[in-house]
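These numbers come from the heavy atoms of this one structure, side chains and all, not from hydrogens, waters or symmetry mates. Labels below follow one simple rule: chain letters A, B, ... track the order of the sequence lines, proteins then strands, and each chain is numbered from 1.
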Amino acid sequence: MTTNQDLVDGEMGTPPPSTVDVDAIIVRQRRAGRLRRAGLAASVGAMTLAVALVLIALRPGGPSGQVGGPPSPTPSLSPREQEAARLTATLQQLLTQALPGAEFLAPGPDDFAKTSPTEPLVFVDEGDYFLAAAQIRDADGIGAIRVTVGKEDTLLRREGDCGSDPPPQDMTIVCEVAPLADGSKLMTRNNSSKYTDYIFFGGEILRPDGNAVAVVIRNNGDPNSEVYRATPHLTLDQTVALAQSPELATTLP
Amino acid sequence: MRRSDENEYRDFVVARMDRLRRTAYLLCHDWHTADDLVAVTIGKLYRNWSQARGADHIDAYVRTILLRSWLDERRRPWRREHAVDEVPDRPADEGPDAAERMTLLELLANLTPRRRAAVVLRFYYDLSVDETAKTLGCSPGTVKSLTSRALEAMRTRAGTPPVFRTGEAT
């Protein structure tokens with residue numbers, strides 16, 4: 001008996017040769033696993049150090065009351081770790097100012113990142129770029145934000161323009177790329193689903209030194225979830241302005 | 001992951017590759033995107049292999065990853081949009097011979113993502129309403145509604161009832 005599967009497979013015909021390289025995926029996943037474990041170890045180390053410093057500070061007499069003795073050890077952070085910490089403080093300050101009263105929650109998984117951020121608005125180092133994300137909750141519902149700083153392989157970097165919606169072309173895309181006076185390129189993007197209430201705003205600035213800041217904000221929290229909010233938490237103009245914030249730029253090579 | 005587990009994983013993935021690609025193609029209607037989706041799926045499977053191999057039905061487990069990854073992908077902000085010189089022609093909506101030119105794949109392509117996912121699971125995989133609901137992470141009532149509306153949309157577009165065999169009333 002011909003099943004539906006046979007019927008559809010017959011119409012589909014013979015697939016073209018696969019471009020999926022299983023061995024390459026295994027190698028990539030092994031490397032990602034090592035990075036995750038290293039990241040975890042670093043987090044545990046940093047946490048231990050922080051707890052130790054707090055305990056020292058809370059001791060009777062505290063560090064200021066001590067006379068002599070060796071100076072407290074200061075954690076030596078690499079330039080990228082320092083930059084991640086600076087960007088984290090900056091982003092948290094900018095968003096707290098822009099969205100007073102909003103609550104920032106742990107982001108959903110980012111399957112295209114080597115290391116998915118797990119803390120809200122805390123930048124993780126992806127190697128070529130820094131990535132931070134969060135779900136945002138306020139009285140009007142849940143949305144989400146994703147910010148990258150550095151050299152992420154985005155469409156603007158790769159193609160230099162807005163691109164078009166791939167099949168089945170279910171998004172309405174309003175997007176433009178404009179050159180700025182300093183040689184930067186600025187992408188402004190307003191995408192909405194043709195079939196649902198899903199909306200996202202994007203702003204990305206690609207500077208002459210090759211570093212970029214890309215901000216995307218959408219009106220649902222988890223990619224698996226339904227739309228929870230009528231619009232994203234920031235307007236398109238606010239999203240683009242956030243991407244252009246000088247404090248969010250990096251100059252790391 | 002141990003080498004022996006990795007070998008087991010590789011054997012499993014290679015054996016299922018054709019079915020995974022075909023399913024992904026039904027969802028994406030583009031072989032490049034389908035291959036991207038399969039790559040994401042088997043990457044996730046690698047990370048969760050110990051859990052997957054202990055699952056009651058490992059094929060269902062992988063199918064769930066694939067379907068949910070695709071629904072994720074549809075919502076991703078920077079999904080792999082590609083620049084093209086011209087937007088490809090779509091089948092005409094009107095015209096006396098439109099129905100004859102409509103194939104099953106084209107009818108599927110015109111469904112919304114979640115309706116398409118429901119149809120693929122219900123009729124391509126012949127899953128029950130409950131199994132489909134579990135895979136999509138929604139209620140059986142939602143599956144019935146998605147399927148019913150999908151079939152209605154296909155029927156309207158084709159001008160004739162879809163040729164799917166239904167093993168169970170929706």
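Heavy atoms closer than 4.5 Å to chain B are found nowhere in A/Asp21, neither backbone nor side chain. In this structure, chain A has a heavy atom under 4.5 Å from the side chain of B/Arg21, while its backbone stays farther away. Of the atoms belonging to A/Ile25, it is side-chain heavy atoms, and not backbone ones, that fall under 4.5 Å from chain B.
Inspection of the B/Thr142 and B/Ser139 side chains reveals an N or O donor paired with an N or O acceptor under 3.5 Å.
Residues passing the ring-ring contact (aromatic ring centres under 6.0 Å, His included) test with A/Phe130, sequence neighbours excluded: none.
Between chain A and the options B/Val38, B/Leu105, B/Thr112, B/Ile42, the largest number of non-hydrogen pairs under 4.5 Å is found for B/Leu105. Between chain A and the options B/Val13, B/Leu26, B/Val14, B/Asp18, heavy-atom pairs under 4.5 Å are most frequent for B/Leu26. Chosen from B/Glu6, B/His32, B/Arg115, B/Met17, the residue pairing most often with chain A at heavy-atom distances under 4.5 Å is B/Glu6. Here A/Val20 is the residue among A/Val22, A/Val20, A/Ile217 with the most heavy-atom pairs under 4.5 Å with chain B.
Closest non-hydrogen pair, A/Leu87 versus A/Ala249, comes out as CD2-O, 4.4 Å.
Of the options A/Asp128, A/Asn211, A/Asp209, a side-chain hydrogen bond (donor to acceptor under 3.5 Å, both in side chains) to A/Lys151 is made by A/Asn211 and by none of the others.
Ion pair A/Asp23/B/Arg10 flagged as a salt bridge, since at least one NZ, NE, NH1 or NH2 atom sits closer than 4.0 Å to an Asp/Glu carboxylate oxygen. With respect to the salt-bridge test (charged N to carboxylate O, under 4.0 angstrom), the residues A/Glu152 and A/Arg146 qualify.
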